[in-house]
Amino acid sequence: MFSFDLLLDAVVIGVLLGCFYGAVSLGLSVSFGLLDVPHVAHPAFLVLASYAVYFLNEHYAVDPLVAGLLITPVFFLLGLVAYRLYYETFEKRGSDAAVRGIAFFFGVAFIIEVLIILQFGVDQRSVTADYIGRAWRLGDIRIPYRLLVAFAVATALTVLLTLYLSRTFMGRAIRAVAQDQEALRLMGANPIKIKQWAFGIATAVLGIAGALLIIVAPVDPTLDRAYIGRTFCVVVMAGLGSMGGTLVAAIILGVAETIVLTMFGASWAPAISFAMLLGVLAVRPQGLFGRRS
Amino acid sequence: MSKKVSKPGSISRRRLLATAGAALAATPLGAKLVRAQQTPIRIGMSMPQTGGLAGGGKASLLGIEIWRDDVNAKGGLLGGRKIELVVYDDKSSASETPAIYSKLIDVDKVDLLFAPYATVPTAPIMPMVKQRGLLLMGNFSFQVNSKVGHDMWFNNAPWGPADSWATSFLDIGQRAGGKSMALLAADQEFAQNLAKTAREVAAKRNLPMVFDQAYPPNTVEFSSIIRALKAAKPDIVYIASYPPDSAGILRAVNEIGIGDNVKVFGGGMVGLQFGAVMENMGSLLNGVVNYNTWLPEKSMYFEGTKEFFDKYTKRAVEAKIDPLGYYLAPFGYASGQLIAQAINAVGSLEQKALAKYLRENTHKTIVGPIAFSPDGERKETAVLQAQFRGVVDKNMEQFRSSGKQVILFPENLKSGELIAPFEAARK
Amino acid sequence: MALSLAINDLDADYGAVKALRGASLRVEAGETVALLGTNGNGKSTLMKCIAGLVRPQRGAISLTIDGAAHDLSRLSTEDIVELGVAMVPEGRRLFPRLTVLENLMLGAFRKAARRSIDRNLAIVFEAFPVLKERQAQLAGTMSGGQQQMLAIGRALMSSPRLLLVDEPSVGLSPLLVSQTITKIGELNQNLGLTVLMAEQNFNQAIRIASRGYIIVHGEIVVAAASVDELRGNDIVKRLYLGGAT
Amino acid sequence: MTRNSIAFWTGSTVFLVAVFVMTQVVGNQYPFFAGYVILQFIALAVAWSILGGYAGYVNFGTSAFFGVGVYAAVFLVKAFGAPLPLQILAGAAIGALMGFALGLLTLRMQGIFFSIATIALTIIIETTITNWRYVGGAAGIQIQRPAVTAPFDNYVQMLFFVQALLVVLAVAISRYIQNSWIGRGLQALRDDELAAECTGVPTLRLKLLACVISGALMCAVGAPAAMYLQYADPASAFNLNYSVTTLAMSLIGGTAHWSGPIIGAILLGTTQQLLTVTISSEVNVLVLGLMLVLFVVGAPEGIIGLIRKLRGDRKEGEV
């Protein structure tokens, strides 16, 4: 049964959902896309941020978005530490960093999962805010405010990150470090410190993304596993390290998923994102909007 | 947390004593054998304590543990033998349970077996217990025995006949004037089983199915699905969902709306039985008619029920598990009661005799009288269909009082009438 | 501005290969010194040692600025850049996926340089007008000659006192080589920059150099006080002026 | 035959005989249940290392191959009542095809992109199986074991022996590869793919070969799991844990030698089995996480690397 209304609705929701995917992938777009760190614990950090937001919301009635902002400094520091550890143990020793790095971050993800379970238990958690549970009427279409928040935050984050990466000394150095470390040295910048800073930024962004995650839907300690595929899919499709590309790729993914979900049969939806990813990888390993080497 | 207590070398001796003790316990001489009395009755099981089913597994286990402590406080069974639980974590996975149950049977040599919570971990051990001729006390699995046909299987869940679930919900819907039906089910085992029976019942009744979809696990956003469902204009909406999704679906329904023609909404939403989820959902729950197993309505209190929940409430907080525990915990306790009554009546741990007794009698438990049909499921369904009413946001305690979930089915436990249509009931 | 670079008895290894053996060299303020030698004789290694990219095994690299001496062999590249040493590396080493302007701005990463971005940018755009026209273009999409301009411009953005230029002629057509060398000469003349240039193109290099060194197999074999002395040297005749084969 | 080979085949024979005698003598069933799982992981880790270790292509799709093996068996049993050997052979054949397809699809991908592609493949296949009603779909399917054939008197004992055979097969193949031109080619490919190609190593063909062999073995190992569990559902069969655990075992053991994955699988597999029946809670997952982190940080070359280092040090000391 085809109806134009439904299609339009699916596209609108898909764009918004895509923005949400974009927001939770932006950090990875920096850490994996720009720094080449195989950060499979990215979604675990994301869920950890959600729980931190939940904690602030539940016990101090802090608005989830404000809570997300509040935890960014902590997550920034966490990122600094995590990168230092990764650098000392893998990058510094050279070869095979990727393979062992993946295993390392998987281990970290498991540890985070268990720590969350030990602290918060296995039940799913959610937050309360005025914009959760209500919708904006736009003619026949009703759009949940949650998704509008996701849209706004994702757009803001993308713009901010893009500006940061192109207009500041640190930002330009972050983009340069992936291209030529030694040349960056000759500019008087320490590539390791730059990368560490960038990883801190990537993790700090996760603070806000974690708030979005729990605003959009309830979270449980093992939710990170569902996002490993999605986030890497978005980042790779985007072409590594492009913030705007990340948002566009995420929107493409969101729209494709939603259209399949409403028009064709929901049970095939998870295959969509990954079929797209495989296609992109097979045809253009550097991604849709990719950096070329 | 329960620990395995097995000293090397003591296995064969313990087994010997257990059998001997069982045989002797009935005689006056046996009662005097102090050593035999001290041998505990060991009940083995796996229970999901990590992974997706962990929430249910932990609550269920606490129910069983409370039963164990109650029995032991009263001096045990069979003339003074204490109950001891041997529990392992199956990580919510089917691939762990065969080895665990083999350990329980062959190494720990437990006296009795309880099944893990839920269908997936239980399914692989069914052929095994049948082959070994062992009694298995089931724990909320769905139709795991239908193909295996083990005559020593007893499910503690109130499911009853496979289709009774869909039947009761559709009854309520049709009585409210429903003439068409929509079905939305998670693409996972339990929900798919429910969906299957719902389709069969609907077909039998010539109830047109205007929307029938499965959604994948980990779906983030349900707005678009609910929009499509709404467009199909069904009268009865039957949802078979899992906890993370149940919340997402209700949110989307609240935001998108579902249309004035919907008479009843709900049916098989897993998750709306758990305290944390209900507290989070708050007023979104109002109007939903959903299945349940136990609710704090007057009709649900039997001998020992209140005392059980007093103990549960205290211990659940410490263990960081569901503070309400209505859904699974009392049935864990009931499993113990069933087995205790059988042991007392038979006077031994002889499995065939216990099974025979369980099959042929009606048993008193804190969740009401239980009688089994030949396939080991309940003779009659005792799955409640209840409507949420007057629920407010962020309040766990409200669910402890009656009237928040009005029982519409079954007749003998009914505590109110349906408010329809759904949109009216939400206010 | 008093500045002098003195390298004494430098040894450096590249793995098992001895790249430098007892190399000594001096550069005084305002000079353009050429370090001449064919491929694989240690020119680049020497340059990298000065920039702190390669650590020498033995010897000293002393940079004296306004009377204060700094031992570069103990400093990190970042600190050396901070002292006012800029290098135009061999092969240009631009950031290909950044724009021209972004490449230039990265040149000004050094704290002292951030204060004078506008002035430096004006200098670079005046010296290389093509860079001004193509500010928004990705560096990787430019032609070889333009890329070399950008590499030099990028180095100028750091307000250098000492400019190290490593093999500016590599990969360029003869006409472009000539233009590039001329530019470097102009920079020395107009801005008073001190320049140490490693180059294999003898004839081009001595057009702008005031004096030069010749390095063979990691050893400085000729240290000439003037260009004329270089021209008259036997080894030079053998190596560069057709007397060899 | 070299002296090494004789030792290897003698060892393998002794191992198989011991396993067989065990199935005839030991009455307790638990060792077979637990042992089956450990053997299964040994075979998986060894098979994984052919691509992941020798060639350095980190395959996260172990669960995809394993799950396809399971469902190949489920399908054959349901459709034709096929016997166990046929299930395993069919699993191997399908696994080889899958490996070939994966190899073709990922020819140009390197490093983590290959890994991401294998994750994607896993989810696509799992979704497909979930939507395939004939083999039970999302609801899962229960399977009945046929009667066991002599000389075994219990099906799990037979499965245990069959899995031991698969282990020996996998190890023999892995060992052969390591000692042959294939292994040297893969090694070159791992160290520097471009350089290897320039020196005339047929990198693409080698990579395809490794994909095919590794895939066939992993599928074959998965096939008997259907009969072991007598139940299959997509969520369990394609569980991410198979991928992570296999990877962890190989890395912990060390991938430089064929014996590394075996050591890792025995160590981690046994630890996990022990933890399941002792601590039995979240700590179990925590231990996997900690072991992964500690080993990749503290012993990057795995246990094999540690042993070599110890030996090397002692030799140096002697000199």
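Just so it is clear: chains get the letters A, B, ... in the order the sequence lines come, proteins before strands, and each one is counted from 1. Computed over heavy atoms, backbone and side chain alike; hydrogens, waters and symmetry mates excluded.
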Q: Quickly, which of Met157(C), Arg110(C), Arg154(C) forms a side-chain contact (heavy atoms from CB on, under 4.5 Å) with Met187(A)? Name it, please.
A: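 The option that passes is Arg154(C).
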Q: With a cut-off of under 6.0 Å to the ring centre and 45° to the axis, is Arg175(A) in cation-pi contact with Phe95(C)?
A: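 Negative - Arg175(A) is either too far from the ring of Phe95(C) or too far off its axis.
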Q: How close do Phe109(C) and Ala173(A) get, counting heavy atoms only, and between which atoms?
A: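 Nearest pair, atom of Phe109(C) first, then Ala173(A): CE1-CB, 3.8 Å.
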Q: How many angstroms lie between atom CG of Leu186(A) and atom CG of Leu53(C), to the nearest 0.5 angstrom?
A: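 Going from CG on Leu186(A) over to CG on Leu53(C), the span is 5.0 Å.
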Q: Distance from Glu102(C) atom CD to Arg172(A) atom CZ, nearest 0.5 Å?
A: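 Going from the CD atom of Glu102(C) to the CZ atom of Arg172(A) covers 6.5 Å.
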Q: So Phe169(A) and Ile117(C), do their side chains get closer than 4.5 Å, heavy atoms only?
A: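 Yes; the side chains approach each other to less than 4.5 Å.
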Q: Shortest non-hydrogen contact from Ala176(A) to Leu106(C)?
A: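 Reported closest heavy-atom pair: CB-CD1, 3.4 Å.
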Q: Count the heavy atoms of every other residue, nucleotide or ligand shown that sit under 6.0 Å from NZ of Lys18(C), and state whether that count exceeds 12.
A: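 Atom NZ in Lys18(C) is crowded, with more than 12 foreign heavy atoms closer than 6.0 Å.
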Q: For the CD atom of Gln181(A) and the CZ atom of Arg93(C), what is their distance to the nearest 0.5 Å?
A: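 Between atom CD of Gln181(A) and atom CZ of Arg93(C) there are 10.5 Å.
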Q: Can you tell me how far OG of Ser242(A) sits from CZ of Arg97(C), rounded to the nearest 0.5 angstrom?
A: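 That separation rounds to 11.5 Å.
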Q: Would you please go through residues 67-89 of chain C and name the residues with a non-hydrogen atom below 4.5 Å from one of chain A, in numerical order?
A: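 At a heavy-atom separation under 4.5 Å, chain A is reached by Thr77(C), Glu78(C), Val81(C), Met87(C), Pro89(C).
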Q: With a 6.0 Å cut-off (strictly less than), is the heavy-atom count around NZ of Lys183(C), excluding the residue itself, greater than 12?
A: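 Yes - once you tally the heavy atoms of other residues, nucleotides and ligands closer than 6.0 Å, there are more than 12.
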Q: Should Gln179(A) and Leu98(C) count as side-chain neighbours, where that means a heavy-atom distance under 4.5 Å?
A: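 In short, these two side chains touch, coming nearer than 4.5 Å.
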Q: Side chain from CB out, backbone as N, CA, C, O: work out which of these in Ala113(C) comes under 4.5 Å of a heavy atom of chain A, or both, or neither.
A: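 Answer is neither: Ala113(C) stays 4.5 Å or more from chain A.
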Q: With a cut-off of 6.0 Å (strictly less than), are more than 12 heavy atoms of other residues, nucleotides or ligands near CZ of Phe128(C)?
A: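 Check passes, neighbour count above 12.
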Q: For the interface with chain A, which of Ser158(C), Gly52(C), Ala108(C) has the highest count of heavy-atom pairs at distances below 4.5 Å?
A: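 The residue among Ser158(C), Gly52(C), Ala108(C) with the greatest pair count is Ala108(C).
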